[in-house]
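Working notes for the structure below.
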Amino acid sequence: MTLRLYNTLSRSKDELRPLDPTNVRMYVCGPTVYHFAHIGNARPVIVFDVLYRLLRHVYGADHVTYVRNITDVDDKINARAAERYPDMDPLKAIRKLTEETAAQFHKDIAALGVLPPSVEPRATDHIGEMKALCEALVKNGHAYVAEDHVLFDVPSMKDYGRLSGRSLEEMEAGARVEVAPYKKDAMDFVLWKPSKAGEPAWDSPCGIKTKGRPGWHIECSAMAGKHLGQVFDIHGGGIDLVFPHHENEVAQSRCAHGTAAMAQVWMHNGFLQVEGEKMSKSLGNFITIHQLLDGKDFGGSQWHGRVVRLAMMGTHYRQPIDWTVERLVQARSTLFEIADTLAGVEAEGGPNEDVVAALSDDLNTPSALSIVYGLLKSARRNEAARPGLRATLDFLGLYGGETRDELNVGFEAKAVDAAKVEGLVAARLAARKAKDFKESDRIRDELAGMGVSLKDAKDPKTGEIVTTWEVAR
RNA sequence: GGCCACGUGGCGGAGUGGUUACGCAACGGUCUGCAAAACCGUGUACUCCGGUUCAAUUCCGGACGUGGCCUCCA
C-alpha cells in the first residue's frame, strides 16, 4: 500500500517515500496554550490523527513517530496571563495559564477520539536547543545580532519563499508593517529577543548580555530537530501557517543544519468557517471545543466528541469547511444508526481495505465514509458483517462502543409517567385486538401529545404484536 | 494593492476528458387496519463567458462570487 499525499512544497500529490520506513516521522504544529482550543484548532488535530492512524496501519504501529508540540512561550500568553491574573506574579500567572490551558486541551481532544502523539514536547523544555540553533545560524552567516536580538538574515537564503510560493520582491512590495530599525532587511525575522520586565527570561545565546526569550518560529525548529532529526518525512498544520510560520521554520532548520529540506512533505488543512462567516470573537461566533462538548451554545445542544469528529471527517481536509449545526445533526443521526447496528458487537480483524485505500489517496475521508455507509447498510441485515465494520470504525476513531443515549449527550427526555404510558399502550393493544381502530388511533395520538412515539412489531416466534415506545428526541 | 485557494443536484460532499459517487432530506413502493420503523426504488447537478477537443463539470483564458495569506491565528 502506497500513500499519496498532497505536498504544499511541490503543489502536487506525491507518493510518500519515507526516509526510513521503520521510523516514519511526522511533526504537526500544536496549540499555543493561551485560550481554550476552538473548533478551528480541532481540525488539524483530527486530520493528522487520521493520518497518524493510517501511517501506523501501513508501516506498523511501532514504526511511526508523531510529534505534536505545545507552545507555552509566546507574546499572547504573556498578555493573556496578565489580563486574567493581574495580581499574580507574572511568571506564576503564565505557568498557571499554560498548565490549565494545556490540561483542557488534552481533555477536549481526547473526547474527539484522538490518539496521543508519540511525543508532545513543550517549547519551554527546549530553550537550550533553540539557543543552539541561534548560535549555529549566526556562526554560518544566516543570522546576526542587533540590539540584543538575534535575527534571521532572510536574503542570505537563496530559495526563501519556496514553500509559500512567493518571491522576496513580492513580499517586500506588499509589506505593510513598519520595519524595526535594527533589521538589515525588512523581511528578517526574530529568532531571539530581549525580555521585558515580567516576561519569561532565559540567558541569551550569541554573547548577548541581557536575558531574553525566543521568537515565534524557532521553537518548532528546535523541537522537530530534537525529536525527529534534521530531515524528516511529514510536517503538517493549518494552511494559515504556511506563511510566515512554516516558511521561517524551513529557513531556520535548513540553514542551521545545512540541509536541502526540513521535511519531505508539507501538508496543510483548509480553513474553517462558522455558519458561513469567519469565526471571530467580534462576530460572536467563536466556538471552543469545550463549548461544543459540554455547553449548549451551538445549536442549543451538547455534541458528543464522536459526532464532532464525524462531522469534521465529512469534508476533505484541504477543502474549506463551513461548521454548521446542520452538519452536526446529520453526523449524529449517522452515529445513532451505527450505535443501533453495532450494540454489543466486538471488533474483529483489521480495517476494510477499500477504506484504507480511500485514505491512502491524500486522506480522502469523504470517499472512505461512503464506503463505510455501504458496510453499514450490509451490516444492518447481515450479522456477520458487523465485527468488520466495528474494526473499521475503530480504525477511523469514529466509534468506540457508545450507546445511542451516550451519543445523544445532554439530551433530557421530557419527563413522562412510565406507568401511565404503559397503561395506555396496553389499552391501545387491547383496542387493536378488538379491532376498535378508532380508539387505538386516539390513544396513539394522546401518547404523541405526550411526546411518546410508538413502534409496532411482530414477535418473530409467536407472531404476537409487540409495541415499543420511546420519548421523541 | 500583491499573492493563493475554492465555486457540484434542496442541503452536505467525493470524483472524472465520454460510463451510478455517497449521505441527509424529499418523493414513490413493499409491509401495516392506519401509522412509525424497516426494506426496495427514484434525482441526471457540476457559477458565467470564451477557447482547446470528435467530446469538458473535469484542461486553458477571462468574468463574477466566496474565502485565505501578506500583521497574531489551525
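Residue numbers start from 1 in every chain, and the chains themselves are labelled A, B, ... in the order their sequence lines are given, proteins ahead of strands.
Looking at A:Asp441, its side chain comes within 3.5 Å of the base of B:G33 through a donor and an acceptor atom. Donor-acceptor pairing under 3.5 Å, judged by distance alone, is present between the side chain of A:Asp456 and the base of B:C34.
When each of A:Phe105, A:Phe298, A:Phe286 is tested with A:His38 by the rule ring-ring contact (aromatic ring centres under 6.0 Å, His included), just one qualifies, namely A:Phe286. Each of A:Thr124, A:Asp74, A:Asp75 was checked for a side-chain contact (heavy atoms from CB on, under 4.5 Å) with A:Arg213, and the lone residue meeting it is A:Asp75.
With distances taken from any side-chain atom of A:Arg444 to the nucleotides B:C34, B:A14, B:A74, the minimum falls on B:C34. The side chain of A:Arg327 has B:G13 as its nearest neighbour among B:G13, B:A74, B:C70. Comparing B:A37, B:C70, B:A74 against the side chain of A:Pro244 picks out B:C70 as the nearest. Of the candidates B:C72, B:C39, B:C24, B:C72 carries the atom nearest the A:Lys76 side chain, counting heavy atoms from C-beta on. Across B:G15, B:G33, B:C69, the shortest atom-to-atom separation from the side chain of A:Lys278 is found for B:C69. Nearest to the side chain of A:Arg381, among B:G13, B:C11, B:C39, sits B:C39. The side chain of A:Ser440 lies closest to B:G33, out of B:G33, B:A14, B:A36. Closest to the side chain of A:Arg380, from the set B:G68, B:C39, B:A35, is B:C39. Of the candidates B:A38, B:A14, B:C24, the closest approach to any side-chain atom of A:Ser367 belongs to B:A14.
Using modelled atom types, no side-chain atom of A:Arg68 and backbone atom of A:Val28 make a donor-acceptor pair closer than 3.5 Å. At least one donor-acceptor pair under 3.5 Å links the side chain of A:Ser378 to the backbone N or O of A:Leu375. Using modelled atom types, no side-chain atom of A:Gln104 and backbone atom of A:Thr101 make a donor-acceptor pair closer than 3.5 Å. Checking side-chain atoms of A:Arg390 against main-chain N and O of A:Val345 turns up a donor-acceptor pair under 3.5 Å. Distance alone, capped at 3.5 Å, places no donor-acceptor pair between the A:Thr392 side chain and the A:Pro351 backbone.
Of the P atoms belonging to B:G68 and B:U16, the separation is 27 Å, rounded to the nearest Å. Comparing the same atom, C1', in B:U53 and in B:A14 gives a spacing of 26 Å after rounding to whole Å. Across B:U8 and B:C3, the matching P atoms stand 25 Å from one another, rounded to whole Å. Atom P of B:U44 sits at a distance of 44 Å from the matching atom of B:G2, rounded to the whole Å.
In the region residues 369-378 of chain A, proximity to RNA chain B at under 4.0 angstrom, judged on heavy atoms, holds for A:Ser370, A:Tyr373, A:Lys377.
Per the geometry, CG belonging to A:Leu163 stands 15 Å off C1' belonging to B:G68, to the nearest Å. Rounded to whole angstrom, the span from the CD1 atom of A:Ile109 across to the C1' atom of B:A74 amounts to 13 Å. Look at CE on A:Met187: it is 12 Å from C1' on B:C69, rounded to the nearest Å. Rounded to an integer number of Å, the gap from CZ of A:Arg43 to C1' of B:G68 is 12 Å. Rounded to an integer number of Å, the gap from A:Arg428 CZ to B:A36 P is 12 Å. Atom CG in A:Leu328 sits roughly 15 Å away from atom C1' in B:G23 (whole-Å rounding). The OH-P distance, from A:Tyr27 to B:A74, rounds to 13 Å in whole Å.
Both thresholds, 5.5 Å between centres and 30° between ring planes, are met by A:Phe271 relative to the base of B:A74, so the two rings are stacked.
When heavy atoms are screened at a 4.0 angstrom cut-off, A:Gly40 is found touching base atoms of the nucleic acid. Among the protein residues, A:His316 comes within range of the sugar-phosphate backbone only, with heavy atoms under 4.0 Å from sugar or phosphate atoms but none that close to a base. Contacts of A:Arg442 with the nucleic acid, taken as non-hydrogen atoms under 4.0 Å apart, are absent.
By the 6.0 Å contact criterion, CD on A:Glu383 is open, its count of non-hydrogen atoms from other residues, nucleotides or ligands being 12 or less.
In terms of position on RNA chain B, the residue among A:Lys455 and A:Lys438 whose nearest nucleotide sits closer to the 5' end is A:Lys438. Between A:Ser333 and A:Met279, the one whose closest nucleotide on RNA chain B sits nearer the 5' end is A:Ser333.
Two rings, from A:Trp266 and A:His246, have their centers less than 6.0 Å apart.
Side-chain contact of A:His126 with A:Glu219: a donor-acceptor pair under 3.5 Å is absent, judged by distance alone.
At least one side-chain heavy atom of A:Asn69 sits less than 4.5 Å from a side-chain heavy atom of A:Cys220.
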Please convert RNA chain B into dot-bracket. A pair counts if it is Watson-Crick or G-U wobble with both distances under 3.5 Å; crossing pairs go in [ ] and bases paired with another strand get |. (((((((..(((.....[...))).(((((.......)))))....(((((..]....))))))))))))....
